[in-house]
Undergrad: 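If you scroll down you'll find the structure; I have some questions about it.
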Number of protein chains: 2
Amino acid sequence: MGSPAKVLNGDTKERILAAAEKLFAEEGFARTSLRGITVEAGVNVAAVHYHFGSKEALLEALFARRAAPMNAERLAKLNDLEAASSGDVPPLEALIEAFIAPSFRMLEELDPAGPPASQLIARFFSEPEEIVQRLMREQFSDVGARYLATFTRALPDVGPREVAWRFEFMVAVLTHLLAGMHLIDVVPGATPGPADQPETIRHAVQFLAAGFRAPSKGAA
Amino acid sequence: MGSPAKVLNGDTKERILAAAEKLFAEEGFARTSLRGITVEAGVNVAAVHYHFGSKEALLEALFARRAAPMNAERLAKLNDLEAASSGDVPPLEALIEAFIAPSFRMLEELDPAGPPASQLIARFFSEPEEIVQRLMREQFSDVGARYLATFTRALPDVGPREVAWRFEFMVAVLTHLLAGMHLIDVVPGATPGPADQPETIRHAVQFLAAGFRAPSKGAA
DNA sequence: GTCTATAACGGGATAGAC
DNA sequence: GTCTATCCCGTTATAGAC
């Protein structure tokens with residue numbers, strides 16, 4: 001009998017992260033108080049400062065914990081694809097799916113129950129630019145660069161600058177879906193979803209592949 | 001000489017709206033204080049409550065002021081297109097451009113100087129879902145329904161449900177660009193922009209049109 | 001219709017005991 | 001490593017003079 005009823009669980013740090021993830025998703029970063037997090041986690045206010053140092057540092061830890069394995073998976077898939085197509089360029093559809101699928105997997109393990117987790121991503125993008133930009137660069141610049149290079153090789157008729165635009169459009173579609181914005185049902189009764197992940201991915205891949213392959217007409 | 005140095009300008013209400021727009025864009029809604037707004041506007045704290053009632057009501061007024069004329073322009077363009085193609089369906093590219101261009105025009109008149117205004121849109125989407133959903137529906141459901149119907153007519157080989165997905169993807173690209181996320185430069189040196197508006201629109205229309213026209217293969 | 005002054009509250013952070 | 005207690009600050013909102 002060490003500390004019987006005081007702490008129900010072991011890792012304080014982990015419990016803080018889990019509670020923060022939940023509340024940031026539900027309420028947003030600015031509206032979530034450290035007090036609320038520590039109540040949810042069943043720990044003390046001071047514990048956050050002890051383990052992380054500040055509220056902002058907590059957000060960073062949270063972000064890195066999810067983004068790192070997700071991007072590792074992205075790179076692994078890309079390596080597999082390049083190995084499989086020995087020397088040649090992987091097929092476009094496979095590239096797109098390799099890029100977007102890990103995000104959906106991450107979302108699922110973030111909250112198997114359903115959609116509130118998707119809010120977490122939407123919330124993130126509205127933090128002060130400085131933080132978002134720094135964290136995004138830290139976690140995504142390597143994967144982004146490698147994929148962009150491969151897309152450019154896969155689309156020799158399009159031109160690097162145009163490919164960069166279209167890569168950006170792919171990111172747009174991905175973040176939109178991850179943030180769950182397609183579930184808002186702006187036009188009543190006309191929402192495409194909710195659909196399961198494989199179907200969502202299939203729709204997106206079809207659309208994006210056609211967009212990437214669009215004939216690249218210059219101005220006039 | 002009524003009140004010579006006290007108030008430099010006339011409309012207090014208008015000055016509050018302008019100041020709020022600026023600060024919400026720069027700092028986000030939650031991080032912006034009414035104090036900050038009233039200092040920026042050169043008015044008193046109580047004036048906000050007098051003219052709007054609460055901080056949230058101020059956000060609503062702000063949103064409606066921009067969204068309403070923008071969507072009026074969307075509808076006008078759609079009417080023009082349908083009139084021009086007397087009885088037949090307007091060309092897809094023209095439809096897409098009619099849908100996305102008014103947003104860019106709004107962005108420009110919001111802040112002719114440059115990009116900080118785009119943050120305003122990004123910020124908006126991360127407010128509590130309830131508010132965002134209500135405001136979006138209020139302002140966008142009519143335009144959305146009419147455009148979606150026309151897109152469906154323009155793409156008889158695609159199928160209504162698939163068109164709804166692709167319409168959603170178009171909205172994704174649009175919001176991404178409006179929010180200025182393509183300027184973040186995640187992959188160093190590989191950003192497509194900054195480009196002028198006509199060029200941005202041209203790239204988007206090319207990409208989206210091809211996506212909309214993608215052959216619609218069902219599962220398996 | 002606009003101001004001053006203040007109420008009533010909750011936030012992040014820290015010091016220091018244990 | 002974890003707690004209690006507290007500091008200090010900024011917030012929204014309102015009451016009441018002008």
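Labels below follow one simple rule: chain letters A, B, ... track the order of the sequence lines, proteins then strands, and each chain is numbered from 1.
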Undergrad: What's the closest nucleotide to the B:S33 side chain, out of D:dT11, C:dG11, D:dA13?
TA: D:dT11
Undergrad: What is the distance, to the nearest angstrom, from the CD atom on B:E14 to the P atom on C:dG1?
TA: 15 Å
Undergrad: Considering only side-chain heavy atoms of A:R35, which listed nucleotide, C:dT4, D:dC3, C:dG12, is closest?
TA: C:dG12
Undergrad: Nearest whole Å is fine: how far is C:dG11 C1' from A:L23 CG?
TA: 15 Å
Undergrad: If you check the A:Y50 side chain, which of C:dG1, D:dT4, D:dT2 turns out closest?
TA: D:dT2
Undergrad: Quick one: B:H51 NE2 to C:dG1 C1', roughly how many Å, whole number?
TA: 7 Å
Undergrad: Begin from the C-alpha positions of B:F24 and B:I37 and carry the test side-chain contact (heavy atoms from CB on, under 4.5 Å) through to its verdict.
TA: CA-CA 9 Å; B:F24 285 168; B:I37 293 170; 3.9 Å; yes
Undergrad: Is the side chain of A:K55 donor-acceptor paired with the backbone N or O of A:T32 at a distance under 3.5 Å, no angle test?
TA: yes
Undergrad: Measure the distance from CG on B:D11 to C1' on C:dT2 and round it to the nearest whole Å.
TA: 14 Å
Undergrad: Tell me: CD of B:E56 to C1' of D:dA13, nearest whole Å?
TA: 15 Å
Undergrad: Determine the contact category for A:A46: base if any of its heavy atoms lies under 4.0 Å from a base atom, sugar-phosphate if only primed atoms, P, OP1 or OP2 are that close, otherwise nothing.
TA: base
Undergrad: Got B:H203 and A:E162 here, is their nearest side-chain heavy-atom distance under 4.5 Å?
TA: yes
Undergrad: Rounded to whole Å, please give me the gap between CZ in A:R31 and P in C:dG10.
TA: 14 Å
Undergrad: Can you name the one residue among A:E108, A:R74, A:R66 that meets side chain to side chain donor-acceptor pair (under 3.5 Å) with A:S103?
TA: A:R74
Undergrad: Do A:F212 and A:F151 make a side-chain contact, defined as non-hydrogen atoms from C-beta onward lying under 4.5 Å apart?
TA: yes
Undergrad: For B:V45 and A:K55, take the nucleotide of DNA chain C holding the closest heavy atom to each; which residue's nucleotide lies nearer the 5' end?
TA: B:V45
Undergrad: Report which part of the nucleic acid B:T38 touches: base, sugar-phosphate, or nothing (heavy-atom distance under 4.0 Å, all strands).
TA: nothing
Undergrad: Please report, rounded to the nearest Å, how far the P atom of D:dT2 is from the CZ atom of A:R15.
TA: 10 Å
Undergrad: Taking only N and O in the side chain of A:H49, is any of them less than 4.0 Å away from OP1 or OP2 of C:dA13?
TA: yes
Undergrad: Measure from the side chain of A:T12, starting at C-beta and using heavy atoms only, and say which of D:dC3, C:dG12, D:dT2 lies closest.
TA: D:dT2
Undergrad: Would you mind reading off the distance between B:N44 atom CG and D:dA13 atom C1', rounded to a whole angstrom?
TA: 12 Å
Undergrad: A:L34 has a side chain; which of D:dC3, C:dG12, D:dT2 sits nearest to it?
TA: C:dG12
